[in-house]
Number of protein chains: 2
Amino acid sequence: MDIRSLRYFIAVYEERSLSAAAKRCFVAQPSISTTIAQLEDDLGTKLFLRHSKGVSPTDSGSQLYPHACKMVSDLSAMRSLFTDTLTPLALSISLTPFLSGALISQVIKTMLDEVSGLTLKLVDESESADLRFTCQRYATDEDVFYPLWEDDYVIAMPLDHWLADFASLSIKQIDKQPFISRTPCDILESWNYLMQKQELTTDVRAQVKTEEYALDLVAAGLGISLIPEHSARGRSDLCLRPLNDVKLKRVVGLAHKKERSFPAHLINTILTAKQQLLVNNPPSDTRLT
Amino acid sequence: MDIRSLRYFIAVYEERSLSAAAKRCFVAQPSISTTIAQLEDDLGTKLFLRHSKGVSPTDSGSQLYPHACKMVSDLSAMRSLFTDTLTPLALSISLTPFLSGALISQVIKTMLDEVSGLTLKLVDESESADLRFTCQRYATDEDVFYPLWEDDYVIAMPLDHWLADFASLSIKQIDKQPFISRTPCDILESWNYLMQKQELTTDVRAQVKTEEYALDLVAAGLGISLIPEHSARGRSDLCLRPLNDVKLKRVVGLAHKKERSFPAHLINTILTAKQQLLVNNPPSDTRLT
DNA sequence: TCTAGCTATAGGTAAAAACTAGACCACTAG
DNA sequence: CTAGTGGTCTAGTTTTTACCTATAGCTAGA
């Protein structure tokens, strides 16, 4: 029985759900599941009843909850015994849709680990937030933008497509191909401009809204499409090829209003997080399936 | 900062030594060393001053100590929220003969006080028991051994004996002396080995089975004898002298089979009992009657 | 009956904590 | 002065733990 278990327990208790608790703790759902099971085993009593809509606390669970809260808060009080003038920092962060969840959670995890006293709240893009995960293109003059990683855009096609024989493609080879168009797309304007400039066209077979749907249609053989490389990570039913004569990419990072100021160590942590991303997610040349 | 770190911290604080804390926590010394270093790093303050004889707590360390104790005890209280009431614990304890009854009863008292629901039954050494009061030498590889105290062996002689003029004795001075031999004796083998190695002999005048009888014969002037210091406690008709060139002692404690597991609370209590023994029975340099 | 959403389990990987061995330092005894 | 002792720290290795992905199994609602 350690503090980590109690933190997870509190999250589950308050969310009434293992999956929701997992999201809140920025870990995968099985981690929560096994940890709670261990805790129950350790205490010799069931803490939650599992059902198809989530979990509900047993009497034991409800009894444990206040103790667990006290324990966790005592511990963080102890931490701040010697760190003077620790100002608790509560920030809201918004997400631009269709960014890589895996990378974002790595960054958030680093920030929570490194900046003591920091609590984050994820809000919808429509609300105003202290920090925004977004593309550099969307950062305005009134923003400060910290780049974190780059998403390279590649052409996705079925495994048996004739273009798959090329290690990389020229934009000219895309001319008149059946194409799955996707909106919104961060680089759609650049793409259209490039195509028009070379008087190329595509044969748009479908218009979809999400990357997953676009990829499904590509896998089904309906056409080819242009997508950020990371979003096809883990799909073996597709073939990805980079473009060799134009480089399409978006720079993703954190933005905030210039007038908003943050503690220096928070900014340093963002820069640290960028380094860690490079280490953990080596600058993958587009995989040749 | 987790509970494990705090446990180690408490052990170090109370033992004033990383190595001693390591023994108490049943881990290797580097584990303690690195964990304390991490904790100091985490809290941003040094907790101990290292010097050649061990460590001493800084102000920060002393400040942290009560908080850490509370945290750890809260946690074990939480553990027993659900388990303790359900399991009354009935254990049998056996005694190796000729240990100090006074000390043993102190330990047993502590255990009964601290562990709620515990009942003890003292059985003969020949029977198998859950826990055994015994010497470290008699604990096997299949045992876990918790040391409780050390018995120093001293030379007992009549008050008017000529060796009483020395504050401490060399083993060479024992050569050819009238001697009361006692079997069984926990350190008889060591003693014989030491004597033979230096080609010394004793003039055995009597062979007895108990410490009391041996002491009576010594007081009567029949010879000198080798006994654990505690067993002559309270006798004013004898003179005790330590040996200064060899250190003969036995480590007495509680042993149990490795495969047998006990509630952590019980184990903690045994460790507490050891501390209390040290407080109540100060590490007496052999009394110079 | 099919699908969607949730939890549990299995298997593999990466990080944390443990151990061993040995360096270094201060003190003590000869 | 030198050897030995008792203590902490460092480096390298092994073991344990926590985590992730993938997937199975269950239940409720369409």
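Each chain gets a letter, A, B and so on, in the order its sequence line appears, and its residues count up from 1.
The nearest heavy atom of DNA chain D to B/Thr34 and to A/Lys109 marks one nucleotide each, and the one closer to the 5' end goes with B/Thr34.
The distance between atom CD of B/Glu15 and atom C1' of D/dT8, rounded to the nearest whole Å, is 16 Å. Nucleotide C/dA16 holds its C1' atom 16 Å from the CG atom of B/Leu39, rounded to whole Å. Note: CG (B/Asp2) to P (C/dA15) measures 18 Å, nearest angstrom. Rounded to an integer number of Å, the gap from A/Phe48 CZ to C/dT7 P is 11 Å. Whole-Å rounding puts the A/Ile32 CD1 to C/dT9 C1' distance at 16 Å. For the pair A/Ile36 CD1 and D/dC19 C1', the interatomic distance rounds to 15 Å; values are reported in whole Å. Rounding to whole angstrom units, NE2 of residue B/His51 and C1' of D/dC9 are separated by 16 Å.
Looking at residues two or more places apart in sequence or on another chain, you find a salt bridge (charged side-chain N to carboxylate O under 4.0 Å, His left out) between B/Lys70 and A/Asp74, B/Asp74. Here B/His256 pairs with B/Tyr146, B/Phe262 under the ring pair (Phe, Tyr, Trp, His ring centres under 6.0 Å) rule; sequence neighbours left out. Partners of A/Phe48 according to the ring pair (Phe, Tyr, Trp, His ring centres under 6.0 Å) rule, which considers only residues two or more places apart in sequence or in another chain, are A/Phe9. A/Arg182 is linked by a salt bridge (charged side-chain N to carboxylate O under 4.0 Å, His left out) to A/Glu211, counting only residues two or more places apart in sequence or in another chain. By the ring pair (Phe, Tyr, Trp, His ring centres under 6.0 Å) test, A/Tyr65 is found to be paired with A/Tyr13, residues two or more places apart in sequence or in another chain being considered.
Set against C/dT7, C/dT9, D/dC20, the side chain of A/Leu18 has C/dT7 as its closest nucleotide. For A/Ser19, counting side-chain heavy atoms from C-beta on, the closest listed nucleotide (D/dC19, C/dA17, C/dC6) is C/dC6.
If you check every strand for non-hydrogen atoms under 4.0 Å, A/Tyr8 touches sugar and phosphate atoms only.
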Between N or O atoms, less than 3.5 Å apart, protein on one side and nucleotides 19-27 of chain C on the other: list the pairs.
{"from": "C/dC19", "atom 1": "OP1", "to": "B/Ala28", "atom 2": "N", "distance (Å)": "3.3"}
{"from": "C/dC19", "atom 1": "OP2", "to": "B/Ala28", "atom 2": "N", "distance (Å)": "2.4"}
{"from": "C/dC19", "atom 1": "OP2", "to": "B/Ser31", "atom 2": "OG", "distance (Å)": "3.0"}

Exercise. Run the side-chain hydrogen bond (donor to acceptor under 3.5 Å, both in side chains) check on B/Arg241 and B/Ser168 step by step: do they pass?
Worked result: CA-CA 5 Å; B/Arg241 291 291 179 267; B/Ser168 64; over 6 Å; no

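Checking the phosphate oxygens (OP1, OP2) of D/dG7, no side-chain nitrogen or oxygen of B/Arg50 falls inside 4.0 Å. Close to D/dG7, at under 4.0 Å from its OP1 or OP2, lies no side-chain N or O of B/Arg16.
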